[in-house]
Amino acid sequence: MQTGDVSVTEDNKQKPDLLDAPLNVVNVGLEGFARELESNGVPTVHVDWSPPARGDAKLADLLSKLSE
Amino acid sequence: MEKIELANQEALRRMLTADPVLIDVLPAGEVLTGLEERMILHAGPPIEWDRMCGPMRGAIAGIAVFEGWARDLEDGERLAAAGELMFHPNHDFGAVGPMTGMTTLRQPVMVVENRTTGNRSYCTINEGLGKVMRFGGNDEEVLDRLRWLRDVLGPAMGAALRQSDGIALKVLTARGLTMGDEMHQRNVACSGLLLRALAPELARVATDTAALAESLAFIAGNDQFYLNVAMAMGKAIMDPVRDIEGSTIVTAMSRNGTDFGIRVSGTGDRWFTAPVEMPEGLYFPGYGAEDANPDMGDSTIVETIGLGGFAMAAAPAVAGFVGAGNASEAALFTRDMGEITVGENPEWTIPSLDYQGVPAGIDVRLVVESGIAPTINTGIAHKEPGRGQVGAGVVKAPLACFDAALVGIAERLGVA
Amino acid sequence: MASVMINQVRRGFYLDSVALMRVARTIGLMPGVAESALMMGTAANRQIMQDAGVLDAEGASAEGNDLVVAVRADSQTAADEAIAEAIRQLDQPKTQTETASWRPRTLRQAVKSAPASNFALISVPGDYAIAEARKAVRHGLHAMIFSDNVPVDAERALKEEAREAGRLVMGPDCGTAIIGGVPLAFANVVPRGDIGIIGASGTGIQEVSCLIAQNGGGISHAIGVGGRDLSAEVGGITTLMAMDLLERGSGTRHIVLISKPPATDVARQVIERIAKSSKPYTVCFVGAENVAVPDNAAAAATLKAAAEQSLGDRAFPNFDTLPVSVPEGRRAVGLFSGGTLCAEAQIVFRDARLPLGSNAPIPGVAALGENSRGHAFIDLGDDEFTRGKPHPMIDPSVRDDLLCETLSDPSVGAILIDIVIGYGAHEDPAGHLAGVLASVGGERPIVVASVTGTDEDPQGRAAQVATLEAAGVVVAPSNADAAIYALACVEPVA
């Protein structure tokens, strides 16, 4: 189960196949990819990403245990 | 972990179904179980005299005089230092208090009942702006105002509320949000709405028109009158959210001017603390950042329920306290708080965000993961005792509290 | 020091206290100003100004709806200027500032703000990529992981979870995809058509899709699976899912599968799945020999052959530029930015039974040693070259040193180069190469290149070809043709 949400995986199977629906992209990482997608008219949300838990490996490990 | 998700959904459900109603004003000694002579309830997590900041010490000395335990301020300090006064957090007595948060036997407290669950919470009456006890003020003017609250306004409000059905706060707060209040630094609209509801009831029970006029003028002249009501409301909403096994939802955030503390539903009454931070803000004429005391007060209970800094978009001017401070960017604060909350409150909406609900239910995991600290709107006290308010601003909750809470909940769940 | 106090009262003027405090702070920082205040004239505020020593009789006369502008300064001029500045700030028309737009800082919030999201493109450092992709999958998104340096067991675990949830995970180390006509990461602008591509190699997908486009075909979808998907450790999870997706989809007539030779068990599973398909397949296991395929499939030795087969086994126009013979014994050196292009060129030389070494050898080719003096094809995208540096497709200058060295190496007769354009690639790799060639004087080896791309790409294939030709580069229509040309130069047919 994902942090903050119940029943996300249950919803998955009702969504259309990847190839049948127009792409709506969440871009996590290189911003240039988001700009190129936007220039192609693809709805894109760019995530202003930074390492989870400020890069603290111990906390990140706890987070994954408390999220799964 | 499914247990956590279910627990948090339950926590959010309890928050959203709460029905807080202002029902009474009574002396603290009559309603706070366990409150005794020479016992002082203060804001924030537990703290002893030698670690208290200046304004907290000033307030302690002042309230000791007010209660008749000390002859004068000096005597009050002596009693405190000698261990002859007992200090406890408001939160342990079902109460909250702004800034220094002094709550003692003879002060009147407003009573807010959560009609969904039946629990009650308490907060003193807001004293107004400037040199006041919550900002560490303690001179005769301050003490006289407290006496007037004790002798005149408190009993009048109590009588007025007792013969009414009480004042439902959820709807009143919702209206205030659409009128530009965020309920921490901005309470103009809600104070006005409350006065509108309260005035006829006060008049109905009044025997002395001069005293009635004084009471009405006091409320009308205090833009922050509703803050303490909102705080008692916050406590009444969050108390039933405590002790849900597995929940990572924050049930209280609070500061004593030295430490910032949070409590988390799944870890009960345990405080997770870290040093408080300095607010970034604007100062009254004659004061600057060098005069400021670090962050203080139980008032962060309003952020805990999705108001204050979380509802910044409702009160765009407040964004002006921070950095470049364009009011048009206030929505960014609220949207950022959406990163660290599990839901929104559909009954408390913000018009400029297309009636999006305020972000509700701070999840410790989301704070730690995103590194986004809760934004808190706050007043700023002078760091020396007896001086009062010097400004207002915005401050971040220290992330270290949330890191510690994450470890705490992991231990509790046996995965640390 | 002399002190001048000025109060100015504006009757019936209201402004928010925070806005007023900001103006007060601004003028408080002006030279010579000791104290400043802008406050509505309520009793409480007048008291504050009184205590701060900035209230005079004028200010004291203000009431709750009046604004007091108060200054104490060390000279009349300073005080006047501060008051004037305050008034100016109060009265100036407010310019609409560019409102900073909100950006989510976590994937969770991005999905919350855009509930229609169905695809995550992930290019964070490898240490974090799997965690982000897992979040994407759990929010119901398909994911493409551009990042590399991800442990293989984590890749497998993620792909298993995603398969369970019915989500596709492309990558890690997936550089190229085209989904529904949308180029993702490193990809080219190709027409939509009825040929589907599944590729474990980014440049392989690029070369095949561009050759199809250049020869009149189009692409339905190109699905990258990541370089390790067909390894024994991962078991081809994404490849098999991609095959199912293209099988179900209506827009795909023919499917091209591109990979380096898979692990034996995985290859068997893939071949079995092909046998059950209703669609014809072209299987290009680059470098593999003797690939046995079912009746509805054909094996292609090179990327070019794969493209030809997908268009109905139609041979592309011959590359008819006559090779230039170089003196006997001279070597061919290939400097590749695309790993699969390097592998494809190796096939040409290997199958001609020439002695060849590579730092990324295909079966039948020797590993390149320190003192290898034979033909040498180097994959500059390999880890040994890219550690801490950009990929040569992004920054072609990482190839410069080796290129200059090779250009002046008297033992080299021909240099083989790939130019890869499209989204994500350098804005003008041909121009960069031309610049390097111009800087090297005297006699130099023959340089033969191909340009993987289309005219619709941001760089424009025709423009890149023209630049190369102007610099004296022989430009072949495909990477395979370039390799064949280089072969003919160093090993003329008797």
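The chains referred to below are lettered A, B, ... by the order of the sequence lines, with proteins before strands, and numbering in each begins at 1.
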task: Would you name the heavy atoms of C:Val18 and B:Leu282 that are closest together and state the gap between them?
output: O-CD1, 3.8 Å
- prompt: Going from OG on C:Ser17 to CZ on B:Arg186, what distance comes out if it is rounded to the nearest 0.5 angstrom?
  reply: 4.5 Å
- prompt: Taking atom CG of B:Asp144 as the centre, does the number of heavy atoms from other residues, nucleotides or ligands within less than 6.0 Å exceed 12?
  reply: yes
- line: Under 4.5 Å to a heavy atom of chain B? For C:Ser36 that would be backbone
query: With a 4.5 Å heavy-atom cut-off, do C:Gln109 and B:Ser370 have their side chains touching?
result: no
query: Does atom CD of C:Glu63 have more than 12 heavy-atom neighbours, drawn from other residues, nucleotides or ligands, at distances under 6.0 Å?
result: no
- request: Go through B:Gly286, B:Gly288, B:Gly388 and name the one with the most non-hydrogen pairs under 4.5 angstrom from chain C.
  value: B:Gly286
field: Donor-acceptor under 3.5 Å (C:Arg105 side chain, B:Ile372 main chain)
entry: no
field: Nearest heavy atoms of C:Lys135 and B:Glu369, plus distance in Å
entry: NZ-OE2, 2.6 Å
query: Using non-hydrogen atoms only, which part of B:Leu129 is less than 4.5 Å away from chain C: side chain, backbone, both, or neither?
result: neither
statement: Expected contact set for residues 41-51 of chain C against chain B at heavy-atom separation under 4.5 Å reads C:Ile48, C:Met49
- request: Grab the two heavy atoms, one from C:Arg22 and one from B:Phe321, that are nearest each other, plus how far apart they are.
  value: NH1-N, 4.4 Å
query: Ion pair present between B:Glu344 and C:Lys112, side-chain N to carboxylate O less than 4.0 angstrom?
result: no
query: Looking at residues at least two apart in the chain, or sitting in another chain, which of them share a side chain to side chain contact (heavy atoms under 4.5 Å, CB included) with B:Ala313?
result: B:Ala331, B:Thr334, B:Ile350, B:Ser352, B:Leu353
- request: Apply ring-ring contact (aromatic ring centres under 6.0 Å, His included) to B:Phe218 and list each qualifying residue two or more places apart in sequence or on a separate chain.
  value: B:Trp148
Report, one line per pair, each donor and acceptor closer than 3.5 Å where one atom sits in a side chain of residues 81-89 of chain C; sequence neighbours left out.
{"residue": "C:Glu85", "atom": "OE1", "partner": "C:Arg88", "partner atom": "NE", "Å": "3.1"}
{"residue": "C:Glu85", "atom": "OE2", "partner": "C:Arg88", "partner atom": "NH2", "Å": "2.9"}
{"residue": "C:Glu85", "atom": "OE2", "partner": "C:Gln89", "partner atom": "NE2", "Å": "2.9"}
{"residue": "C:Arg88", "atom": "NH1", "partner": "C:Gln92", "partner atom": "OE1", "Å": "3.0"}

statement: From the list C:Ala24, C:Pro104, C:Ser113, C:Ala34, the residue making the most non-hydrogen contacts under 4.5 Å with chain B is C:Pro104
- prompt: Could you walk me through whether C:Met21 and B:Tyr283 pass the side-chain contact (heavy atoms from CB on, under 4.5 Å) check?
  reply: CA-CA 7 Å; C:Met21 287 167 93; B:Tyr283 292 88; 5.6 Å; no
- request: Work out which heavy atom in C:Ser101 is nearest to a heavy atom in B:Leu332; give both atom names and the distance.
  value: C-CD2, 4.0 Å
